[in-house]
Amino acid sequence: MAELIHRLFGYWYTPRGVSYLVHRLGWSPQVPAHRAVERDERPLPGGGRISGHG
């Protein structure tokens with residue numbers, strides 16, 4: 001994320017600085033701790049998979 005900030009705005013931040021900035025913006029680096037119970041792991045017709053990343 002520090003590299004992205006540098007590319008977009010020309011400022012360098014330490015990892016702690018990025019963390020501070022992210023928290024000030026109200027964002028969180030949280031990652032789900034477990035998979036949803038309702039998750040359907042069956043393969044899709046045609047071998048495709050559904051991804052949450054457009």
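Going from atom OH of Tyr11 over to atom CG of Leu21 covers 12.0 Å, rounded to the nearest 0.5 Å.
Minimum heavy-atom separation, Val18 to Tyr13: CG2-CB, 3.6 Å.
Both Phe9 and Trp27 are assigned to one and the same hydrophobic cluster, defined by single-linkage of ILVMFWY side chains at heavy-atom distances under 4.5 Å.
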